[in-house]
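Naming: A, B, ... by sequence-line order, numbering from 1 per chain. In what follows, every heavy atom counts, from backbone to side chain, and hydrogens, waters and symmetry copies are set aside.
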Amino acid sequence: MSAESASASASPRWLAPQYETAAQQYEAAKLGTWLFVAQAILFFGAVFAAYGVFRVGHPEAFGAGSLQLNKWVGGASLIVALAAAWMGALAVRSAQLGKRDEVARWLGVALLLGVAFLVLVGVDVGACASRGLLPGAHWSPRHLVGLAAPVPYMSTFFGVYFAMIGLHALYVLGGIGWLAWVLVRANKGDFSKDYWNPVEMAGLHWAFVCAVWVFAYPLLYLV
Amino acid sequence: MENQTEPSLLLPAQLSTIAPQVDSLYHALLWSSVVVSVAVVAAMLFFAWSYRRRPGVKAEPSGENWPLQVGAILGGAAVVLVTFFSGWGGFITAAQAPDDSVAIRVRADAWAWQFEHPNGLTEENEVHVPANVPVRLVMSSADVAHSFFVPDFRVQQVIEPGSFSSVWFEAVERGSDAAASDTVADRVLYSTRATCGEYCGARGDETAWSPNGGHATMSAAIHVQHEQDYRAFVARGPALPCRQPDGTCGIGGECSAEESGGCLFTSKTCSACHQNQADRPQLVGPTLYGAWGHEQPLSDGTTVAVDESYVRQSILQPASQIAQGFPNVMPTIPLTDREVTALVAYIQSLHPSE
Amino acid sequence: MSTAVAAREQEPDYLSSKKGIASWLTSVDPKRVAVLYLAAILTFFAVGSVLAVLLRVETMSAGRAMLSASAYDRLFSMHGAIMVFLVLVPAFPAVLGNFFVPMMVGARGLAFPRLAVVGFRLYAAGAVLALVAAALNGSDASWTLAVPYSLHAGIGATVLAAGIALVALSSILTALNLVVTVQKMRAPGLDYRRLPLFVWGMLAVSLVQLFASPVLAATMLLLVAEKTISLGLFDPSLGGDPVLYQHLFWFGVHPILYGTVIGAMAVVSEILATFTRREVSGHRFVAGSLIALALLAFLGWGQHLFAGGLSVYATLVFSALGLLVAIPAVVIVVNWLATLKGGSIAFETPMLYALGVIVLLTIAGLANLFLMAPAVGVYLRGTAFESAALHYLLGGAALFGFLGGLHYWWPKMFGRGYNETLARAGFALLFIGFNLAFLTQFALGSRGLAGASYDFAADFQALQLVSSIGGFALVAGVLLVLVVLGMGLAERERAPKNPWGSASYEWLAASPPVEDNFAVELVMERGPYDYDLASDEELSDAGSEEPAVAATPTE
């Protein structure tokens, strides 16, 4: 067994003390973020599994339920989500090029689009609520689209819908929080051409946050 | 396989046909477990003692030891295969109820078992079943999950609310007493117990200790009878209805056959065609008020006295004696003996009071 | 020794570098985080044990002893929830993992020290919610919060479910941190072939918790939603499916439970190597088996749905999948025995725990065969037999493994030893008490005693009494062990740096370690079990605080 003495040479202030090199820090951050994304797939997997079980059990209720949702509002939310992910990617690109101002700008836009996404989803939820299309015990449907009477188990569709939207909204809030923290650091000038890990990791995670909706939207709105 | 009808040290009595099968697997697993545990502990203690630290003696370098690894993997695989295939056979038998099973409905709620025999006879927290005949229980729950668990039969089935589940067993006769030639509806060969195998709580009274310990005391007595005794027991039919305090008819309480008959007269739809009150118009069938004891002309020209024999016959086989001037339209309504007796008593009572 | 190293030698250890409660609560040193977890876990362990005493007093005799039926239900539910979610789940990764994984890969710390702190705060929040639930009359919905029973339970069950969700989120972060640390923070020379078995085990546990905890967290959040806003996914009266809950819950929890046993296996492998002074036999196979157990754990959830919610064919499939764990389990136990053969074996307390785990794990594994063979498993499901098998796995193998690990690393963690005689007495009391308490439960279950039974038939009386006596001895053992370890902290004499003469890397650090773990940067030129390559100085148990490693400054 041999040992190296602690390297006494000055390391950049952004290199955390537990790491030897910048590359090690970058790779650790990247692996950590990917693992976080991977576990989040299982987190949403629970709701997607519920969706699958009920969908197979009551296909007609899911068709009827999906009909009640506003495809245009939903479609808009999908476009906003994709745009938000794109803005996150632009922020990472700018960070890599060392353009500090652009980083903050793109992050800010991504953040606003995240909020806009939540507003759009909220609009659709509000529309459902106003027509009594609420899950479980609160089910009291009015003004159904294309149906004379509610289909049995339609309330279960809305149970899945609200579960998916609710968990995703919580997750989006977490993603927005992450972006906001990176934005604050960007404004403090923490990032440079040599060090932009947090921007890249937040951007990677943000892309996943938005990607979940790419799967959820067709399942809920288009069936 | 011979059934062990008394409990052993580790297992309850074997009172169903599948019990010996379950137990032989249990014993096989038990003995191999004992052998393996003893072998592991013995090897561990032996090695630990033989290779205890001694001054000057160093540990031998350990290696890969391929034969050991291959042996361990094959040994593990053998455990998997043997357990899987031996655990499979008995399970398939237990999972598939024979076609000729007697079907009994079971409704579980916290904390009681309700049983309903095929003819509608119901029992609460006890059930009579025939010996040597497969019995299939079709079960549902009214509230939370329960599990129908009969240790002596080695059967268990969870009952989730919102769906039906089923389980079957065939109780054996215990002892050697020969099947009696006569039929006694109340004769029970032996009784065993079903308990709840799925935790279902006890949100009862906090302070008072009642016999109801919730989940732990949710049990039902299973009375096993000779098949013909069971048939006789069931043939008594469901409990007869009585006038309830609010004036309606329902199950519960004790009353005369006459009163029960009055309830049945309506519930079995007799009253749709037969008038049972004085000074009211005749309906499709003969008026029964005041009919008892009189002579009744029949469509074949003969006359018959309206007595117990005639009324009973007319209920059971309506077409056999048609009253003159009436169409032959009365259906055969399925009734138990006790119900018929109650109806006859009621019809007998339909006359002006003296 | 260079002057730089000598200077670092003077650094205070991680315990004394900063003072005050605030310095603990804000510290990003994973060793301090681990100690905070340890304090919380041991506290809840004591609480859970005391609840067990009350339960055994009640079931010592048929009928009512001192608790009402619903009080009994709440106590056993809280006992289970506390022991599983607040003690067992974080025990291996959050205490032993956070503390020793960085040391055993020769790193200065975890990859994400602040994430570990966030993890602890989430755990603490979850624990507080569990306490709030207890204050709100507790939950009587068993520790599994099974639907629909839990939907009828009071607000306590809702709060408890939220607490479990937070603990699950905390597990995700802990696990993620450990995986990245193992993958990216290894010292030069430490490749996967040399990786200590404890680190392999923690990698396996972390993979389990990383991918099972999110499902548990989501399920608990859905349960909270079901109970508060009647979402209608689980409640059959609203069109929901209670069996869906069972699938989701066990998909998350089954691997987590197995993970605690993997943690114990990791600790035992480490202790065996040290106390036999040789590498564990078939190192690669044991490491592979630990990972295999982690993967197979994800296929085993269905075995909890036997005799309910599964079709005949699904039951057979899950029986086969569940049984597959026997292969890696046999490989591990066989290699443990082979390690003893040819060793130079010492029998201090940690070794007693390791040997105890071998016995308990063997019994647990065999008992689980009964449950996984459907013909017998359907009969025994939900009975005291199943409860005993679960206790052998968790309260036996896993907890004995954890306590063994604590005794093993206590001198390294706190720089103080403990009274060896009393510690051995503690082990004896635990081991005898445990087997007395739960071997009897196997017999009771076989004879048809349903689990969670407040009351029972008179013919179960004798065995229940024996079981209770065993239970009291077990809890007395728990309290004795806690007192012995606690008294050890107050010892004046410092523990030696390497009391067991281990060649493993963590013993190269001072006891207790400095904040950066090692005074020098390690380059691994030998494996952690190369006793023939380790210098006498490295293996010496002298109380020196000097680093035994030869420090050769390289650039």
Side-chain angles (χ1 to χ4, degrees), chain B residues 10-12 22 25-26 29 33 36-37 40-41 43-44 47-48 51-53 57-60 62 64-65 68-69 72-73 75-77 79-80 83-84 87-88 90-91 95 144 147 149 151 154 156-158 160-162 195-204 206 209 213-217, chain C residues 64 68-70 73 140 142 148-149 152 236 242-243 276-279 281-282 285 307-309 312 316 319-320 323-324 326-327 330-331 334 337-346 355 358-359 362-363 366 369-370 373-376 378-379 381-382 443 446-448 450 452-455 531:
Chain B
L10 287 177
L11 291 166
V22 172
L25 177 59
Y26 177 91
L29 285 168
S33 296
V36 170
S37 313
V40 167
V41 173
M44 184 186 95
F47 291 146
Y51 294 93
R52 65 190 181 278
R53 192 165 295 170
V57 181
K58 282 196 145 189
E60 299 160 16
S62 37
E64 207 78 296
N65 197 347
L68 184 76
Q69 310 307 335
I73 291 172
V79 171
V80 174
T83 315
F84 177 68
W88 175 355
F91 172 67
V144 298
S147 176
F149 178 37
R154 309 287 189 281
Q156 173 156 218
Q157 176 63 46
V158 177
E160 294 282 354
T195 58
C196 181
E198 182 76 12
Y199 170 71
C200 57
R203 274 156 292 118
E206 256 313 294
W209 163 240
H215 164 63
T217 49
Chain C
R64 179 179 187 156
S68 69
S70 57
D73 290 347
D140 70 345
S142 180
Y149 188 86
H152 299 270
V243 178
T276 59
R277 295 248 160 107
R278 67 200 293 245
E279 188 174 26
S281 157
F285 289 87
V312 172
L316 290 178
S319 163
L323 284 166
L324 285 179
I327 298 175
V330 167
V331 169
V334 164
L337 295 177
T339 309
L340 293 174
K341 182 176 176 297
S344 166
I345 306 174
L355 297 178
I358 297 181
V359 177
T362 303
I363 297 176
L366 292 165
L369 292 184
F370 285 67
V376 172
V378 164
Y379 168 57
R381 74 153 295 286
S446 299
R447 287 172 56 181
S453 279
Y454 165 70
D455 198 2
Y531 281 85

Flag the pair [X] / [Y] as yes when at least one side-chain heavy-atom distance between them is below 4.5 Å, and no otherwise.
| X | Y | answer |
| --- | --- | --- |
| C:Arg381 | B:Val158 | yes |
| B:Phe84 | C:Leu324 | no |
| C:Tyr379 | B:Leu25 | no |
| B:Val79 | C:Leu323 | no |
| B:Ser33 | C:Phe370 | yes |
| C:Val359 | B:Val40 | no |

Give the minimum heavy-atom separation between [X] and [Y], together with the two atoms involved.
| X | Y | answer |
| --- | --- | --- |
| B:Ser37 | C:Leu366 | OG-CD1, 3.3 Å |
| C:Val331 | B:Gln69 | CG1-OE1, 4.1 Å |
| C:His152 | B:Val144 | CD2-CG1, 3.5 Å |
| C:Val376 | B:Val22 | CG2-O, 3.7 Å |
| C:Ser70 | B:Ala202 | CB-O, 3.0 Å |

Structural part of C:Thr276 lying under 4.5 Å from a heavy atom of chain B: backbone

Part of C:Pro236 within contact of chain B (heavy atom distance under 4.5 Å): side chain

Separation of B:Met44 CE from C:Leu340 CG (nearest 0.5 Å): 7.5 Å

Please rank [options] by heavy-atom pairs under 4.5 Å with chain B and give me the top one.
| options | answer |
| --- | --- |
| C:Ala338, C:Ala320, C:Ala450 | C:Ala320 |
| C:Ile363, C:Val334, C:Thr339, C:Val330 | C:Val330 |
| C:Pro374, C:Ala443, C:Ala326 | C:Pro374 |
| C:Ser281, C:Ala373, C:Gly343, C:Gly382 | C:Gly343 |
| C:Gly308, C:Pro242, C:Ser344 | C:Ser344 |

Between chain C and each of [options], count heavy-atom pairs under 4.5 Å; write down the option with the most.
| options | result |
| --- | --- |
| B:Tyr51, B:Phe47, B:Phe149 | B:Tyr51 |
| B:Leu29, B:Asn65, B:Thr195 | B:Leu29 |
| B:Gly162, B:Gly197, B:Ala48 | B:Ala48 |

[X] versus chain C, heavy atoms under 4.5 Å apart: side chain, backbone, both or neither?
| X | answer |
| --- | --- |
| B:Val57 | backbone |
| B:Gln157 | both |
| B:Tyr26 | both |

Hey, is the main chain of [Y] close enough, under 3.5 Å, to the side chain of [X] for a donor-acceptor pair?
| X | Y | value |
| --- | --- | --- |
| C:Asp455 | B:Ala216 | no |
| B:Ser62 | C:Glu279 | yes |
| B:Glu64 | C:Gly282 | no |

Working for side-chain contact (heavy atoms from CB on, under 4.5 Å), residues B:Phe91 and C:Val312: CA-CA 8 Å; B:Phe91 172 67; C:Val312 172; 3.7 Å; yes

Cationic N near anionic O, under 4.0 Å, B:Glu60 to C:Lys341: no

